[in-house]
Amino acid sequence: MADYNPQQLDTKWQQRWRESRAFEVEADPSRPKFYTLEMFAYPSGHAHVGHVRNYIIGDVVARTKRMRGYNVLHPFGWDAFGLPAENAAIKGGIHPETSTLANIAHMKGQLQRLGISYAWEREFATCLPEYYQFNQWIFLKMLERDLAYRKRSTVNWCPSCQTVLANEQVIDGACWRCGSVVIARDLEQWFFRITAYADELLKGLDTLPAWPDKVLVMQRNWIGRSEGARVAFDGIEVFTTRIDTIFGATFVLVAPEHPLVARLVAESRNPEGLRAEVARFTAQDRLARQSGEVEKEGVFTGREVTNPFTGQPVPVWIANFVLGEYGTGAVMGVPAHDQRDFEFARKYKLPITVVVRPEDGPSPEAASLTEAAVSYGVLVQSGPYDGMRSDEAKRALTSEVEARGIGQGSVQYRLKDWGISRQRYWGTPIPVIHCEKDGVVPVPYEDLPVTLPRVTQFTGRGDSPLAQVPEFVNVTCPRCGGPARRETDTMDTFVDSSWYFLRFCDPRNDRLPFDPAKAAYWMPVDFYSGGVEHAILHLLYSRFFTRVLRDIGLVRFDEPFTRLLTQGMVLKDGAVMSKSKGNVVDPDEMLQRYGADALRLYVMFVAPPEKEVEWSDTGLEGSYRFLARVWRLVDHWAESVRQGPKAAPASGIGDAERAVRRKTHDTIRRATVDIEERIHLNTVVSALMELVNELYAYSERSPLGAPAMRGSDGGAAVPQASTSPAARFVMREAIDALVLMLSPFAPHTCEELWQHLGHPESLAAAGWPEFDADLARADELVIPVQVNGKLRGRLTVPADISDDRLKDLALSDEAVQAHIAGKAVRKVIVAKGRLVSVVVQ
RNA sequence: GCGAAAGUGGCGGAACUGGCAGACGCGCCGGACUUAGGAUCCGGUAGCCGAAAGGCUAUGGGGGUUCAAGUCCCCCCUUUCGCACCA
């Protein structure tokens, strides 16, 4: 066979796979399915090795599962709407669709050159109406169920460019393009009621044992459930998780955005001054998001309300640190037991009352506190509740509040409803029409899709770009037939990615997002991999959409992704690769130098998939060398192996041959567990390397000799006939297994070698090698012997030795004797098949 | 501040349920083959002492449990990531 020429193999096998539609699949209920998915890509233009790592991880899993007999769905597509394409259009004048489709074509080529085994016939891009019409369909369904609704909300607005800015376009409070100070502006916007599922989304996390803890924790925190109570202080309802401290509430704080603020200001003695303060707080709040710390400030309204437990009047303040959108937008101020309230009270000289003392100590003196006492304890100065423990008091006080009709137990979530309106062009048009007479009218289903018009001028100025297209905006009302305006906002691109994994089950359906029967077969996704940056939003939204689609009746499960892997980034020169830093490693350049398989193998070998790694050129070269080494080994033995017996011969299998079989089967065991259960792909590769090393050693001692050194002379002629049937058999078994197990990592090389070994069928059809526990078992073991915890000797013994015999051998061992001579043996511990531990004196 | 994860040779990393720490690879050193080789094959490579046999010390630091700890428990340090006034 010729020298190893990977580039040629890449082309050859990629073409064969395409021609034979090797990775295309259909739902087949008679076969077990496996759905493996990598997060689809934003078509930025070029994939670098950091992106590509994830696709290779998924491909190793997909190819392995195929060999294990599963019907494997492994699709790919494009998350094709989004801001960068629109910004490029504003800067360079290229239409987003043109640049996006060109980028997709290029990146698809890159993935194909890597030999990723995608079912390309299922590919789609979210920016085309065939896909986004179902964003609109789902939106309308959600509208019917009151899961989509409209409310006024604040956006970033650049007064100079006259446009809405995304958060990423606001840099230090200023417009990314012109540098003007960004202001807040209220617009009517669309929201998805994800909070309706808050509790279910939280509980569902407990059903995901194969998700990384880190992600589960992040989602839990993001949903942020807290139990407490709502209590009315006269007309102002507050939310608290510490109702046990209510006797210490000496003031009430409301957020600047609180609906009562307007009235409080108007009725105050100094409406003008107050209004100015409130305006200042509101503006501050926006900047605070960027700059971090803002001093706690407040302003007294002149109003007082009654603490429902002490009966004392307490002042009402407007405070800049109270959040309008959380709880009731108002809180009770308990300075003795809340750090923020404490600082506030000290600053404005408000009274501090201690109402909880530590269980094992006296009540602290209010005047001597240097910080709030936030721990639970026993109630004091709390009327009938004195002496009660905090946790009991919470229950008792909540009951009383409910009995008196002034409040109730309440659960609050940090999670907010999902604002999906974007004042942007490059996204899915929101399918509603505004009629003066009928109000908000949904676009009828039969009128879908609402197609994105082809805007040609991108100035980046004005409102939503769609508002400047009269043919798009001016429509007749579907209800009354009168003149109406089309909604000109588009949807957040996270909508696109919240259900795309379902679309892959049935990507060409033009009636429904997907056929429920097909989704029932393929879903849920068995193995999902992608970057941690999606740990919260994308994964939470997808879990939300899955539940919505379940309630609509399209799917019957709750959780879309059974197992999740968050892959680590690839760094170059210690930094994340990015175009602007100029440190990207282009996979195509590596392909030209070493071929697809060396790159694939290296990326899998360098570290476990979750870990961040530093790119190394020499490491890649090492992987290339390994593949060439396998190539030479297989070629060296191919003829002998092809002519060798298919079953173990009755005689001629000596110690050396048994050792080869043992190594072969032990490698099969390790590789199978590491790929399928642990997903430690790096150790699979090292196990295969060990096997190759052992086969080289065996080879060297065999009549055939070590694989020839290939140089200018092409190596020596090899006397194939001189190898024994036993040698041929064990090498056949070993080399077959090696090529099969290496193939998910290095498919092009292995397909070629497999063929060279005389197998007519493809690798996928060949199946994964079978593990035989008897053959993997060693007949001799090396048992270390410790004396007082230190290694003192090694015993080579038969594997089936008894504990007693092992103990005797250990004690009589020369090296061990030297350390126990003259000392009393107190204890001997034999760990079955592992070690002997002797304790003396 | 709160929460999570991680600290192992010159480097990337192994070590499954506590049981020979450093597999495998990179790098480096040596040998073979060579006109030559940065190709290939073979060998060596944690540190310290020692000619060697061997011994001692080592998994961020300090304690502990155990015959035995990288692994389990407690305290501390460092790094990375996430949330950051959520009442």
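Atom set for the values below is all heavy atoms of this structure, side chains included, hydrogens, waters and symmetry mates excluded. In what follows, every chain begins at residue 1, and chains take the letters A, B, ... in the order their sequences are listed.
At B:G13, one or more side-chain N or O atoms of A:Lys611 fall inside 4.0 Å of OP1 or OP2 (strictly under the cut-off). Close to B:U57, at under 4.0 Å from its OP1 or OP2, lies a side-chain N or O of A:Lys790. An OP1 or OP2 oxygen of B:C86 is reached within less than 4.0 angstrom by a side-chain nitrogen or oxygen of A:Arg340. Taking side-chain N and O atoms only, A:Arg220 has no distance below 4.0 Å to OP1 or OP2 of B:G82. Between A:Asn693 and B:G25 there is a side-chain polar atom (N or O) within less than 4.0 angstrom of OP1 or OP2. Taking side-chain N and O atoms only, A:Arg632 has a distance below 4.0 Å to OP1 or OP2 of B:C41. The phosphate of B:C24 has neither OP1 nor OP2 within less than 4.0 Å of any side-chain N or O from A:Asn682. One finds a side-chain N or O of A:Lys827 lying less than 4.0 angstrom from the OP1 or OP2 phosphate oxygen of B:C67. A:Ser686 has no side-chain polar atom (N or O) that falls below the 4.0 Å cut-off from OP1 or OP2 of B:G13.
Looking at the side chain of A:Leu323, the nearest of the listed nucleotides B:G19, B:A87, B:G55 is B:A87. The listed nucleotides are B:G19, B:A87, B:C20; the one nearest the side chain of A:Pro784 is B:C20. Distance from the side chain of A:Val606 is smallest for B:G12 among the nucleotides B:C67, B:G12, B:G82. Comparing B:C86, B:C24, B:G13 by their nearest atom to the side chain of A:Met689 picks out B:C24. Which of B:C85, B:C20, B:A84 sits closest to the side chain of A:Trp222 comes down to B:A84. With B:G19, B:G25, B:A87 as the choices, the nucleotide that has an atom nearest any side-chain atom of A:Phe605 turns out to be B:G25.
In this structure, B:U59 forms no base pair with any nucleotide, since neither Watson-Crick nor G-U wobble geometry is met with both distances under 3.5 Å. When Watson-Crick and G-U wobble pairs are counted only if both distances are under 3.5 Å, B:C28 pairs with B:G44. B:A4 is paired with B:U80 under the Watson-Crick or G-U wobble criterion, all donor-acceptor distances under 3.5 Å. Applying the Watson-Crick and G-U wobble criteria (two distances, each under 3.5 Å), B:C67 pairs with B:G19. Judged by Watson-Crick or G-U wobble contacts below 3.5 Å, the nucleotide B:G9 has no partner. When both pairing distances are held under 3.5 Å, B:C33 makes no Watson-Crick or G-U pair with any nucleotide shown. Base pairing annotation: B:G54 forms a Watson-Crick or G-U wobble pair with B:C49, both donor-acceptor distances under 3.5 Å.
Looking at A:Arg414, its side chain has no donor and acceptor atom pair within 3.5 Å of the base of B:C83. Applying the 3.5 Å distance criterion, the base of B:C26 shares no donor-acceptor pair with the side chain of A:Thr618.
Between the P atoms of B:U78 and B:G55, the separation comes to 39 Å (whole Å). B:A39 and B:C77 are spaced 49 Å apart, taking the P atom of each and rounding to whole Å. The separation of B:C76 from B:A84, taken at their C1' atoms, amounts to 25 Å, rounded to a whole angstrom.
Within 4.0 Å of A:Gln339, counting heavy atoms only, lies no atom of the nucleic acid at all. If you check every strand for non-hydrogen atoms under 4.0 Å, A:Glu700 touches sugar and phosphate atoms only. Among the protein residues, A:Tyr696 comes within range of the sugar-phosphate backbone only, with heavy atoms under 4.0 Å from sugar or phosphate atoms but none that close to a base. Note on A:Ser616: nothing from the nucleic acid sits closer than 4.0 angstrom, heavy atoms only. Looking at heavy-atom distances under 4.0 Å, A:Lys832 makes no contact with the nucleic acid at all. Heavy atoms of A:Gly622 sit under 4.0 angstrom from primed sugar atoms or phosphate atoms, though from no base atom. No contact: A:His337 has no heavy atom under 4.0 Å from any strand. No engagement by A:Pro212 is indicated, since no non-hydrogen atom pair under 4.0 Å with the nucleic acid exists. Among the protein residues, A:Asp674 comes within range of no part of the nucleic acid, since none of its heavy atoms lies under 4.0 Å from any strand. Residue A:Arg792 is in sugar-phosphate contact alone, with no base atom involved, counting any heavy-atom pair closer than 4.0 Å across all strands shown. Among the atoms of the strands shown, none is found under 4.0 Å from any heavy atom of A:Asp341. Backbone-only engagement by A:Arg629 is indicated by non-hydrogen atom pairs under 4.0 Å involving sugar-phosphate atoms exclusively. At the heavy-atom level, A:Arg678 lies under 4.0 Å from the strands shown only through sugar-phosphate atoms.
Here B:G9 is in the syn range [glycosidic angle within 90° of 0].
Remark: A:Asp674 does not engage A:Arg670 in a salt bridge, criterion side-chain N to carboxylate O under 4.0 Å. Under 4.0 Å is where a charged nitrogen must lie from a carboxylate oxygen, and between A:Lys347 and A:Glu297 no such pair does. Ion pairing between a basic and an acidic side chain is recognised when a charged N comes within 4.0 Å of a carboxylate O; A:Lys394 and A:Glu227 show no such pairing.
At whole-Å resolution of the value, CD1 in A:Ile829 and P in B:G18 are 15 Å apart. As a whole-Å value, the separation of A:His819 NE2 from B:C56 C1' is 11 Å. Rounded to an integer number of Å, the gap from CG of A:Asp666 to C1' of B:C16 is 12 Å. Atoms CG (A:Leu695) and P (B:C42) sit 12 Å apart, rounded to a whole Å. Between A:Arg242 atom CZ and B:C86 atom C1' there is a gap of 15 Å when expressed in whole angstrom units. Per the geometry, CD belonging to A:Glu614 stands 15 Å off P belonging to B:U80, to the nearest Å. If you take CD of A:Glu237 and P of B:A87, they are 16 Å apart, rounded to a whole angstrom. In this structure, A:Glu533 atom CD and B:A4 atom P are separated by 22 Å, rounded to whole Å.
Relative orientation of the A:Phe344 and A:Tyr348 rings is tilted, given thresholds of 30° and 60° on the angle between their planes. Taking the six-membered ring where tryptophan is involved, the planes of A:Trp631 and A:Tyr4 are tilted, since the angle between them lies from 30° to 60°.
Put simply, the side chain of A:Glu371 reaches to within 4.5 Å of the side chain of A:Gln339, judged on heavy atoms. A heavy-atom distance below 4.5 Å is found between the side chains of A:Ile223 and A:Leu540. Proximity of A:Thr240 to A:Val331: side-chain heavy atoms (C-beta onward) are nowhere separated by under 4.5 Å. A:Asp803 places a side-chain heavy atom less than 4.5 Å from the side chain of A:Lys832.
If A:Val782 and A:Arg669 are placed on RNA chain B by their nearest nucleotide, the residue sitting closer to the 5' end is A:Arg669.
Heavy atoms of other residues, nucleotides or ligands lying less than 6.0 angstrom from CZ of A:Arg826 number 12 at most.
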